[in-house]
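Have a look at the structure below before the remarks.
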Amino acid sequence: MILRILGSAAGGGFPQWNCACTNCSGLRQGLIVASPRTQESSCLSVDGRAWFLINASPDIRVQIESFGPLHPAIGRATPIEAIFLTNGDLDHCLGLLSLRESQPVVIYATDTVRRGFTEGNVLYRTLERFPGQVTWRRLVLGEEDAVRHANGVPSGLAVTAFAVPGKPPVHLDGMVDREQPELNVGLRFRNVENGRVLAYVSSVGRITEAVLEGLAGAEGILFDGTFWSSDELSGPGFLRKSAEELAHCPIGGMDGSLARLTGLPARHRIFIHMNNTNPILREDARERTMVEASGWQVGRDGMEIHV
């Protein structure tokens with residue numbers, strides 16, 4: 001499997017348009033050693049020709065243009081066979097509306113995520129220009145399913161979605177049950193031919209046994225790196241909520257993901273979905289050194305791994 005990170009930042013990207021934190025100001029002024037990042041999205045392929053997007057960020061157009069294998073080869077055909085959604089957050093699904101140019105689109109999602117995006121959403125009509133423009137394929141928790149090309153032919157991949165603690169998207173908060181297990185999922189991709197596994201879990205409220213089971217045996221892991229500390233936003237007064245209240249397990253601390261997951265034997269262990277305030281975005285930061293010393297990498301736009 002080939003996985004290419006198209007965007008590695010959390011919602012808002014890095015730098016964030018309305019933020020003058022140390023990271024954002026430092027990047028704009030060239031005062032820190034760091035690279036700009038678009039909002040989180042990746043693509044996956046078995047053969048390097050047919051590709052599957054994982055999440056469709058608001059930056060999806062520029063992300064597709066940044067990677068040649070995603071470009072159409074002739075006419076208006078696309079090598080993008082389908083799109084997987086891990087939840088209904090805008091930074092994961094708003095890009096779908098940018099793929100409206102009379103192009104058939106296949107989307108894998110849980111029923112809960114599908115309903116949250118389609119029901120009562122007048123903008124969804126832009127993806128209904130002709131009958132069957134969008135085909136939804138259901139992700140059923142805990143059930144492995146063959147990943148198929150847009151025409152229904154098996155791709156050589158299989159996928160299992162597993163429940164991950166999260167929260168409803170901001171636009172649905174208070175309108176849906178916060179405890180629905182289908183609101184936020186991790187994806188476990190398996191290469192049917194050689195059995196190798198890649199786990200993609202970009203939003204994790206807390207590390208549960210189900211999360212650990214989803215990561216077990218994976219050769220490649222992409223994991224929620226949104227915040228370094230619990231008070232990353234509340235400390236400076238940006239937002240009166242902790243990382244955990246925002247459904248993101250911090251990286252640092254005794255109970256953080258770095259401490260909890262360091263023993264995993266995966267060859268590739270990568271943090272993605274970093275918030276603009278996260279110190280690991282700075283290449284010379286103490287926190288970045290701690291991450292790398294533990295055998296993890298900080299995801300970046302354009303990073304590619306082979307599993």
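Any value given below was found using the heavy atoms of this structure, including those in side chains, with hydrogens, waters and symmetry copies removed.
For the pair Asn275 and Leu233, the minimum side-chain heavy-atom distance is below 4.5 Å. Side chains of Leu70 and Leu6 form a contact here, defined as non-hydrogen atoms less than 4.5 Å apart. Between Ile5 and Ile270 there is a side-chain heavy-atom pair separated by less than 4.5 Å. Taking the side chain as every heavy atom from C-beta outward, Thr226 and Glu232 never approach each other to under 4.5 Å. No side-chain heavy atom of Leu183 sits less than 4.5 Å from a side-chain heavy atom of Asn87. Put simply, the side chain of Val170 does not reach to within 4.5 Å of the side chain of Leu90, judged on heavy atoms. Within the 4.5 Å cutoff, no side-chain heavy atoms of His71 are placed close to those of Pro79. Looking at Ser202 and Asn55, their side chains come closer than 4.5 Å, going by heavy atoms from C-beta outward.
A donor-acceptor contact closer than 3.5 angstrom links the side chains of Ser8 and Asp301. Residues Gln39 and Ser57 bring no donor and acceptor atom of their side chains to less than 3.5 Å of each other. Donor-acceptor pairing under 3.5 Å is lacking for the side chains of His268 and Gln297. Side-chain N/O atoms of Glu81 and Ser155 include no donor and acceptor closer than 3.5 Å.
Of the possible polar contacts, one joining the Asn23 side chain to the Asn276 backbone as a donor-acceptor pair under 3.5 Å is found. No side-chain donor-acceptor contact under 3.5 Å links Arg188 to the backbone of Glu144. Not one N or O on the side chain of Thr135 forms a donor-acceptor pair closer than 3.5 Å with the backbone of Val106. For the pair Asp47 (side chain) and Ala50 (backbone), a donor-acceptor distance under 3.5 Å is present. Side chain of Glu182 to main chain of Thr112: a donor-acceptor pair is present (N/O by atom type, distance under 3.5 Å, no hydrogens or angles). Asn278 places a side-chain N or O within donor-acceptor distance of the main-chain N or O of Gly225, the cut-off being under 3.5 Å. Between the side chain of Asp284 and the main chain of Val33, no donor-acceptor pair closer than 3.5 Å is present. Between the side chain of Thr86 and the backbone N or O of Gly186, no donor-acceptor pair lies under 3.5 Å. Remark: side-chain polar atoms of Ser42 are not paired, donor with acceptor, to backbone N or O of Ile54 under 3.5 angstrom.
Scanning both residues, Phe162 and Ala210, for their nearest heavy atoms gives CD1-O, 3.9 Å. Listed here is the closest heavy atom pair of Arg37 and Val298: NH2-CG1, 4.0 Å. Nearest heavy-atom pair, Leu53 versus Cys43, reported as atom, atom and distance to 0.1 Å: CD2-CB, 3.8 Å. In plain terms, the two heavy atoms of Pro69 and Trp51 that are nearest each other are CB-NE1, 3.6 Å. Considering every non-hydrogen atom in both Ile251 and Val291, the closest pair reads CG2-CG2, 4.4 Å. Nearest heavy-atom pair across Leu198 and Met1 is N-CE, 3.8 Å.
In this structure, CD on Glu283 lies 9.0 Å from CZ on Arg300, to the nearest 0.5 angstrom. Taken to the nearest 0.5 Å, the CZ atom of Phe14 stands 4.5 Å off from the CG atom of Leu27. The line from CG of Leu99 to OG1 of Thr126 is 9.5 Å long, rounded to the nearest 0.5 Å. Atoms CD and OG, from Glu40 and Ser203 in turn, are 8.5 Å apart once rounded to the nearest 0.5 Å. In this structure, the separation between CD on Gln103 and OG1 on Thr78 is 6.0 Å, given to the nearest 0.5 Å. Rounding to the nearest 0.5 angstrom, the gap separating the CD atom in Glu128 from the CD atom in Gln133 is 8.0 Å.
Within a 6.0 Å sphere centred on CD of Glu65, heavy atoms belonging to other residues, nucleotides or ligands number more than 12. Shown here is Asn121, whose CG atom has more than 12 heavy atoms of other residues, nucleotides or ligands within 6.0 Å. Remark: Glu101 CD is packed, more than 12 non-hydrogen atoms of other residues, nucleotides or ligands lying under 6.0 Å away.
Note on Ile272: it does not cluster hydrophobically with Leu264, by side-chain heavy-atom contacts below 4.5 Å among ILVMFWY residues. Ile60 and Leu96 fall within the same hydrophobic cluster, where Ile, Leu, Val, Met, Phe, Trp and Tyr residues are linked whenever their side-chain heavy atoms come under 4.5 Å apart, directly or through other members. Connection of Leu215 to Val197 is not established within any shared hydrophobic cluster, with ILVMFWY side chains joined at heavy-atom distances below 4.5 Å, either directly or through further cluster members. A continuous path of hydrophobic side-chain contacts links Leu141 to Leu187 [ILVMFWY only; heavy atoms under 4.5 Å]. Put simply, Leu281 and Phe223 are part of the same group of oily side chains (I, L, V, M, F, W, Y) that touch within less than 4.5 Å, one to the next.
Remark: Tyr124 pairs with Phe117 by the ring-ring contact (aromatic ring centres under 6.0 Å, His included) rule, at least two apart or across chains. In this view, Arg61 satisfies the side chain to side chain donor-acceptor pair (under 3.5 Å) rule with no residue, not counting sequence neighbours.
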>> Before you tell me yes or no, could you show the steps for Ser25 and Gln29 under side-chain contact (heavy atoms from CB on, under 4.5 Å), namely the whole-Å CA-CA distance, both residues' side-chain angles and the distance that decides it to 0.1 Å?
In response: CA-CA 6 Å; Ser25 295; Gln29 299 171 32; 3.9 Å; yes
> Can you check side-chain contact (heavy atoms from CB on, under 4.5 Å) on Val307 and Asn191, steps first, answer last?
Replying inline: CA-CA 9 Å; Val307 175; Asn191 186 320; over 6 Å; no
>> Evaluate Ile64 against Ile80 for side-chain contact (heavy atoms from CB on, under 4.5 Å), listing each step before the verdict.
In response: CA-CA 10 Å; Ile64 291 172; Ile80 299 172; 3.8 Å; yes
>> Determine whether Phe189 and Phe84 satisfy the following criterion, ring pair (Phe, Tyr, Trp, His ring centres under 6.0 Å), listing intermediate values before the conclusion.
In response: CA-CA 11 Å; Phe189 294 97; Phe84 288 84; 5.1 Å; yes
>> One pair to check against side-chain contact (heavy atoms from CB on, under 4.5 Å): Asp91 and Asp59. What are the steps and the verdict?
In response: CA-CA 9 Å; Asp91 57 328; Asp59 301 315; over 6 Å; no
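Within the structure, the side-chain hydrogen bond (donor to acceptor under 3.5 Å, both in side chains) test picks out the following pairs touching residues 205-221 (sequence neighbours left out): Glu219-Arg267.
Ring geometry for Phe271 against Trp296 counts as parallel: the plane angle stays under 30°, on a 0 to 90° scale with 60° as the upper cut.
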